[in-house]
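Take a look at the structure set out below.
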Amino acid sequence: MAQKNGVEAVREALAATNPEALERQKQQKRVGLKPLPNATEGEVVLRFAPNPNGPLTIGHSRGVVINSEFASIYSGKVVLRYDDTDTRVKPPLPEAYDWIEKEYEWLAGRPADIIIRASERMPIYLEYAKRMLEGGFGYVCRCTAAEFKTLRDNSHVCPCRARSVEENIADWVSMNDGDIEEGEAVVRVITDLELPNPALRDWPALRIQHTPHPMVGDEYKVWPLLDFQSAIEDHLQGVTHIVRGKDLMDSTRKQTLLYEHFGWTYPETLYWGRVKVHEFGGFSTSGMRADIADGKFEGWGDSRLPTIAALSRRGFKSQAIRDFWMDLGLTQKDISISMQTIESFNSSVIDSDCERRSFVRNPRNLSLNTNDLPLPETLQIPRHPDGEIKGSRQWLLSDKLVIEEEDSAAQIRLKDFADVSINKKDAIVESLEKRGNRAIVHWLPVNQGRIARLTTPSGDGFRIDDGLIENVDLVEGAIVQLERVGFARIESIPENGPVELLFLHR
RNA sequence: GCUCGUGUAGUGUAGUUCGGUCCAUCAUGACGGACUCUCGAUCCGUCGACCCGGGUUCAAAUCCCGGCACGAGCACCA
């Protein structure tokens with residue numbers, strides 16, 4: 001119509017039939033999370049359930065941020081639950097429980113409302129397993145994994161299903177007594193074998209593990225798998241909404257089947273997609289754990305690792321990580337993002353309260369030739385160029401100074417000081433006023449500097465820049481912006497030896 | 001292979017429920033400029049997208065059908 005009769009004709013037609021369409025606002029980007037389905041203010045219970053086989057990674061931080069944000073929107077609660085019911089494949093790391101608790105609090109800005117460890121609640125899960133067997137909707141399967149897979153893939157009934165409740169209970173007791181070896185029995189949930197997704201058919205709920213648990217020892221011989229433990233616990237904690245990765249979609253379906261057996265209603269469930277960061281690839285906790293053991297990394301806080309510990313150590317603020325995830329929102333799309341994006345959020349958070357310092361890499365020594373011009377004895381340089389931080393740093397001028405070798409040019413401007421020309425080992429002052437468009441470089445009077453070393457994660461290793469840092473109010477742990485270099489964290493200021501600087505980002 | 005999910009600029013993201021000034025939002029990025037005694041910050045501008053093909057309709061990013069691509073699950077891991 002618009003083509004034939006013009007836009008006005010469309011307007012008129014719409015005015016007659018659908019006036020609202022004309023008043024539509026210009027598009028705007030929705031900010032914040034979409035509302036949770038079926039959520040009641042004050043009654044929302046969410047959960048964040050990591051495996052404590054290592055500290056939290058960037059990947060986990062999405063779960064912390066999204067769940068805690070929803071909780072805050074609805075004045076709800078978040079249950080921090082340690083899913084530590086695997087003693088062998090991904091065994092828990094005892095220190096990780098405390099780490100995760102602290103990292104959760106750091107990321108969310110407040111502690112989790114409830115903290116529970118699955119391994120401490122084993123009697124409950126075992127009791128529910130027994131009820132399942134007694135109720136006839138679960139059975140002990142003595143097939144090997146391979147045998148069962150063949151049956152399952154062909155929708156054939158496992159012969160173990162035909163056994164009586166009494167036989168099942170007898171096996172169950174033997175399993176728990178440790179009389180059946182690992183791999184020789186498993187408890188399954190009875191489902192419809194015609195389910196289109198083979199993964200759901202008679203799925204395994206508990207298996208035998210004789211390896212001692214790092215936290216509770218060898219008290220239990222039968223351990224629940226994630227889908228069983230998680231399902232029971234979500235119900236017990238009154239979880240109303242589950243927000244998790246979409247790799248767990250099949251878990252939702254399995255757990256829903258179990259809920260139906262028990263007569264419970266499954267929580268509302270939302271998902272996010274897989275995330276990769278260009279610089280890191282995926283975030284495998286087990287992989288990192290192995291690499292650390294192999295000595296490839298210095299520890300969980302190694303600045304090359306995508307752990308929260310490393311990020312925080314380098315100087316990323318939790319606010320930036322929250323802003324980042326909130327900007328992404330909750331989508332099921334698999335994405336691959338760049339650290340640059342997170343860095344940009346971090347810059348916005350830290351720039352206005354980071355003091356500036358001069359750090360001269362690869363220093364070239366020069367003598368200051370005053371050229372008979374009257375020079376001040378000291379220089380006053382702002383701590384922050386935009387006055388976000390009041391006050392100035394004071395430099396005592398001396399007759400020796402350094403610039404970066406790479407900045408060597410015939411004529412340069414020593415930032416906040418003077419135009420000089422370089423002649424062999426001399427820096428000859430030409431003017432205190434800035435004239436022309438010569439390059440402005442950062443520099444340092446030699447006696448104002450202190451030996452320092454800047455470490456930058458680079459590929460599999462590190463890049464080290466030795467240099468001189470401005471020795472004014474250096475505070476261990478502080479993040480400063482090294483002029484023309486980038487943000488860095490002051491790692492340590494030893495009595496003797498170089499100040500250690502860890503590069504953050506530009 | 002089977003099951004499930006997802007496709008909007010380089011990267012992310014809004015809009016899709018309920019079709020309508022949507023020549024499609026915002027951020028980040030790249031490029032250019034202004035400002036600034038940092039290569040930072042700030043400001044201005046430019047670039048750049050509805051997976052493909054049909055269909056319904058006055059009108060499709062949005063609804064329908066069919067493809068294609070990508071991802072995940074198919075563990076006695078979480």
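Here is the naming used below: chain letters follow the sequence lines, and residue numbers restart at 1 for every chain. All values below come from the heavy atoms of this structure, side chains included, with hydrogens, waters and symmetry mates left out.
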Would you measure the distance from the P atom in B:U6 across to the matching atom in B:U13 and give it in whole Å?
13 Å
If you only use heavy atoms from C-beta on, which nucleotide in B:A78, B:G40, B:U6 is closest to the side chain of A:Asp386?
B:G40
Between A:Ser336 and B:U11, is there a side-chain N or O to OP1/OP2 distance below 4.0 Å?
no
Rounded to whole angstrom, note down the C1' distance from B:C35 over to B:A41.
11 Å
Both distances under 3.5 Å, Watson-Crick or G-U wobble: report the partner of B:G10, or none.
B:U28
For A:Ile335, which contact category applies under a 4.0 Å heavy-atom criterion: base, sugar-phosphate, or nothing?
sugar-phosphate
Tell me if a side-chain donor or acceptor on A:Arg201 pairs with a main-chain N or O of A:Arg152 at a distance below 3.5 Å.
yes
If we call it a pair only when both distances are under 3.5 Å in a Watson-Crick or G-U wobble match, what pairs with B:U17?
none
Could you check, using the six-membered ring where one of them is a Trp, whether A:Phe316 and A:His505 have ring centers closer than 6.0 angstrom?
yes
Would you mind classifying the nucleic acid contact of A:Lys276 as base, sugar-phosphate or nothing, using non-hydrogen atoms under 4.0 angstrom?
nothing
Report yes or no: do A:Ser251 and A:Asp227 form a side-chain donor-acceptor pair below 3.5 Å?
yes
Nucleotide B:G40, atom C1' - distance to CD1 of A:Ile381 in whole Å
16 Å
Quick check on B:C70: is either OP1 or OP2 less than 4.0 Å from any side-chain nitrogen or oxygen of A:Lys333?
no
Please check this pair: side chain of A:Tyr82 against backbone of A:Ala96, looking for a donor-acceptor N/O pair closer than 3.5 Å.
no
Can you check the A:Ile440 CD1 to B:C35 C1' distance for me, whole Å?
12 Å
Under a 3.5 Å limit for both distances, which nucleotide forms a Watson-Crick or G-U wobble pair with B:C4, could you say?
B:G71
Between B:A78, B:U28, B:G12, which nucleotide gets closest to the side-chain atoms of A:Lys29?
B:G12
B:C22 - base-pair partner by Watson-Crick or wobble geometry, distances under 3.5 Å:
none
For A:Arg356, report the nucleic acid contact type (base, sugar-phosphate, nothing); a contact means any heavy atom under 4.0 Å.
base
Using the P atoms only, state how far B:G66 lies from B:G5, rounded to an integer number of Å.
15 Å
Scan every strand shown for a Watson-Crick or G-U wobble partner of B:G53, both distances under 3.5 Å, and answer none if you come up empty.
B:C65
Classify the nucleic acid contact of A:Gln340 as base, sugar-phosphate or nothing, counting any heavy atom under 4.0 Å across all strands shown.
sugar-phosphate
Between the base of B:U25 and the side chain of A:Arg30, is there a donor-acceptor distance below 3.5 Å?
no
As a test of understanding, state which of A:Arg357, A:Arg393, A:Arg383 forms a side chain to side chain donor-acceptor pair (under 3.5 Å) with A:Asp473.
A:Arg383
Any idea which of B:A78, B:U38, B:C2 is nearest the A:Pro385 side chain?
B:U38
Using the P atom as the reference point in each nucleotide, state the distance between B:A49 and B:U3 in Å, no decimals.
36 Å
Sort out for me which residue in A:Arg81, A:Arg117, A:Arg121 forms a salt bridge (Lys or Arg N to Asp or Glu O under 4.0 Å) with A:Glu233.
A:Arg121
Can you measure A:Asp202 atom CG to B:A75 atom C1' for me and round it to whole angstrom units?
16 Å
What nucleic acid atoms does A:Asp83 come within less than 4.0 Å of, heavy atoms only: base, sugar-phosphate, or nothing?
sugar-phosphate
Closest-nucleotide 5' rank along RNA chain B - winner of A:Leu414 and A:Gln209:
A:Leu414
RNA chain B: A:Phe487 or A:Lys149, which has the more 5' nearest nucleotide?
A:Phe487
For B:C39, the nucleotide meeting Watson-Crick or G-U wobble distances (both under 3.5 Å) is none
Same-atom distance (C1') from B:U62 to B:G7, integer angstrom:
14 Å
A:His384 and A:Gln481: side chain donor to acceptor below 3.5 Å:
no
Check whether any side-chain nitrogen or oxygen of A:Arg506 sits under 4.0 Å from OP1 or OP2 of B:G29, and answer yes or no.
no
Tell whether A:Gln481 reaches the base of B:U38 with its side chain through a donor-acceptor pair below 3.5 angstrom.
yes
Can a side chain N or O of A:Arg152 be found less than 4.0 Å away from OP1 or OP2 on B:U3?
no
Describe the nucleic acid contact of A:Thr85 in one word from base, sugar-phosphate, nothing, applying a heavy-atom distance below 4.0 Å.
sugar-phosphate
Return yes if a side-chain donor-acceptor contact under 3.5 Å exists between A:Asp250 and A:Asn197, otherwise no.
yes
Choosing from B:C39, B:C77, B:C4, which nucleotide comes nearest the side chain of A:Leu225?
B:C77
So if I take every side-chain heavy atom of A:Asp416 and compare against B:C4, B:C37, B:C39, which nucleotide ends up nearest?
B:C37
Measure from CG on A:Asp327 to P on B:U13 and round the result to the nearest Å.
9 Å
What's the closest nucleotide to the side chain of A:Thr331 if the choices are B:U13, B:G40, B:C37?
B:U13
Within this structure, what is the CG-to-P distance between A:Leu504 and B:G40, rounded to whole angstrom?
15 Å
In whole angstrom, what separates A:Ile337's CD1 from B:G29's P?
13 Å
Pick base, sugar-phosphate or nothing for A:Pro50, based on heavy-atom distances below 4.0 Å to the nucleic acid.
nothing
Answer yes or no on whether A:Arg188 is positioned over the face of A:Phe148, meaning its NZ or CZ is under 6.0 Å from the six-membered ring centre and within 45° of the axis.
yes
Taking the C1' atom of each, how far is B:C63 from B:A69, in whole Å?
23 Å
Looking at the side chain of A:Asp86, which of B:U13, B:C76, B:C77 is the nearest nucleotide?
B:C77
Integer angstrom distance from the C1' of B:A14 to that of B:C22
12 Å
If I take atom CG in residue A:Asn51 and atom C1' in nucleotide B:A75, what distance separates them, rounded to the nearest angstrom?
15 Å
Could you give the CG-to-P distance, from A:Asp323 to B:U28, as a whole number of Å?
12 Å
Whether A:Ser344 contacts B:A27 is assessed here as follows: a side-chain N or O lying under 4.0 Å from the phosphate OP1 or OP2. Is that the case?
no
Sticking with atom P, work out how far B:C43 lies from B:C68, rounded to a whole angstrom.
48 Å
By the 4.0 Å heavy-atom rule, please label A:Gly273 as base, sugar-phosphate, or nothing.
nothing
